[in-house]
*Asks:* 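Here it is, the structure in full.
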Amino acid sequence: MLDFAVLGVFIPTFFFVSITPGMCMTLAMTLGMSIGVRRTMWMMIGELLGVAIVAVAAVAGVASIMLNYPTLFSVLKWLGAGYLVYIGVAMWRAKATIKLGADSKLKVSRQALFSQGFITAIANPKGWAFMISLLPPFINIDYAIAPQLSVLVAIIMLSEFTCMMLYATGGKSLRLFLNQGDNIKWMNRIAGSLMVGVGVWLALS
């Protein structure tokens with residue numbers, strides 16, 4: 001099973017990455033302001049299911065390579081480390097603002113909202129690359145992979161749901177806070193620093 005030291009690194013890293021304004025968080029805010037938090041939860045359910053599928057598929061694929069092709073895994077590990085460092089530096093340099101669109105107001109049926117969240121998570125290539133790069137360092141192949149992955153996916157889903165609820169319920173007040181001064185910039189820098197740290201750890205492990 002995962003030890004507390006590993007969880008102590010993983011939880012804040014993923015939380016700050018989750019809460020940094022992105023496609024899903026902006027979508028949650030837009031829907032929360034336009035159709036209400038209760039109906040927005042259908043989008044959240046779809047997004048959480050999609051994220052869970054991406055996480056499980058990413059770890060399963062990397063674990064298979066890890067066990068059967070150790071040399072290829074070493075190459076993948078270095079590529080993953082480089083990608084995490086790249087993302088971290090990009091987050092440090094980003095100058096983001098919250099921009100709400102109106103297109104999400106067009107489809108408000110439960111099925112449409114669920115599909116919107118699910119497709120947003122599944123069809124995002126950056127999400128796949130992120131999961132493939134971030135999750136494997138926290139998996140110990142000396143122990144059963146399934147229990148470890150279950151814990152990590154549970155943390156991911158809880159973190160994503162918490163952040164989406166904050167954005168959906170925060171509405172205009174949260175938007176004003178994020179667009180005020182350097183608030184988003186500092187959130188990006190914290191998340192970026194954690195990403196760079198995990199990337200360096202992955203390269204050296």
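Both backbone and side-chain heavy atoms feed into the values below; hydrogens, waters and symmetry mates do not.
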*Asks:* For the CH2 atom of Trp42 and the CZ atom of Phe114, what is their distance to the nearest 0.5 Å?
*Replies:*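 Rounded to the nearest 0.5 Å, the CH2-CZ separation comes to 8.5 Å.
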*Asks:* Determine whether Leu27 and Thr120 make a side-chain contact, defined as any pair of heavy atoms from C-beta on separated by less than 4.5 Å.
*Replies:*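 With C-beta onward as the side chain, the pair touches.
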*Asks:* Within the 4.5 Å heavy-atom criterion, are Thr162 and Ile19 side-chain neighbours or not?
*Replies:*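 No, side chains not in contact.
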*Asks:* First locate atom CE of Met43, then atom CD1 of Ile35, and finally report the distance between them rounded to the nearest 0.5 Å.
*Replies:*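 The CE atom of Met43 sits 8.0 Å away from the CD1 atom of Ile35.
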*Asks:* Quick one: CE on Met29 to SG on Cys24, what's the gap to the nearest 0.5 Å?
*Replies:*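 Nearest 0.5 Å value for the CE-SG distance: 13.5 Å.
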*Asks:* Does any part of the side chain of Met131, heavy atoms only, come nearer than 4.5 Å to the side chain of Ile156, both counted from C-beta?
*Replies:*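 Of all side-chain heavy-atom pairs linking Met131 with Ile156, at least one is under 4.5 Å.
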*Asks:* Distance check, rounded to the nearest 0.5 Å: Leu149 atom CG versus Phe138 atom CZ?
*Replies:*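 Going from CG on Leu149 over to CZ on Phe138, the span is 13.5 Å.
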*Asks:* What pairs with Ala121 under side-chain contact (heavy atoms from CB on, under 4.5 Å), at least two apart in sequence or on another chain?
*Replies:*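 Testing Ala121 for side-chain contact (heavy atoms from CB on, under 4.5 Å), a comparison that skips the adjacent residues, returns Glu47, Val51.
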*Asks:* Side-chain contact, heavy-atom cut-off 4.5 Å: Arg110 with Leu113?
*Replies:*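 Contact flag for Arg110/Leu113 side chains = no.
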*Asks:* Identify the two heavy atoms, one from Phe15 and one from Cys163, that lie closest to each other, and give their separation to 0.1 Å.
*Replies:*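 So the minimum-distance heavy-atom pair works out to CE1-SG, 3.7 Å.
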*Asks:* Does Val17 belong to the same Ile/Leu/Val/Met/Phe/Trp/Tyr cluster as Leu158, with side-chain heavy atoms less than 4.5 Å apart forming each link?
*Replies:*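 Different clusters: Val17 never reaches Leu158 through Ile, Leu, Val, Met, Phe, Trp or Tyr contacts under 4.5 Å.
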*Asks:* Can you tell me how far apart CZ (Phe10) and CD1 (Ile155) are? Round to the nearest 0.5 Å.
*Replies:*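 Going from CZ on Phe10 over to CD1 on Ile155, the span is 6.0 Å.
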*Asks:* Which atom pair, heavy atoms only, marks the closest approach of Val153 to Val56?
*Replies:*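 Looking at all heavy atoms of both residues, the shortest contact is CG2-CG2, 4.1 Å.
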*Asks:* Suppose we screen for side-chain contact (heavy atoms from CB on, under 4.5 Å). Which residues come up paired with Leu48, at least two apart in sequence or across chains?
*Replies:*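 Leu48 satisfies side-chain contact (heavy atoms from CB on, under 4.5 Å) with Met157, Glu160, Phe161, Met164 only.
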*Asks:* Taking only residues two or more places apart in sequence, or in another chain, which ones meet Ile53 in a side-chain contact (heavy atoms from CB on, under 4.5 Å)?
*Replies:*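 Listed in chain order: Leu49, Phe118, Ile122.
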*Asks:* Is any side-chain heavy atom of Leu152 closer than 4.5 Å to a side-chain heavy atom of Phe14?
*Replies:*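 Of all side-chain heavy-atom pairs linking Phe14 with Leu152, none is under 4.5 Å.
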*Asks:* Could you check whether any side-chain heavy atom of Leu31 comes within less than 4.5 Å of a side-chain heavy atom of Arg39, counting everything from C-beta outward?
*Replies:*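 SC-SC contact between Leu31 and Arg39 ruled out.
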*Asks:* Please walk me through it: do Val151 and Leu7 pass side-chain contact (heavy atoms from CB on, under 4.5 Å)?
*Replies:* CA-CA 9 Å; Val151 173; Leu7 292 178; 4.2 Å; yes
*Asks:* What distance do Ile11 atom CD1 and Ser159 atom OG have between them, rounded to the nearest 0.5 Å?
*Replies:*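 If I round to the nearest 0.5 Å, the distance is 9.0 Å.
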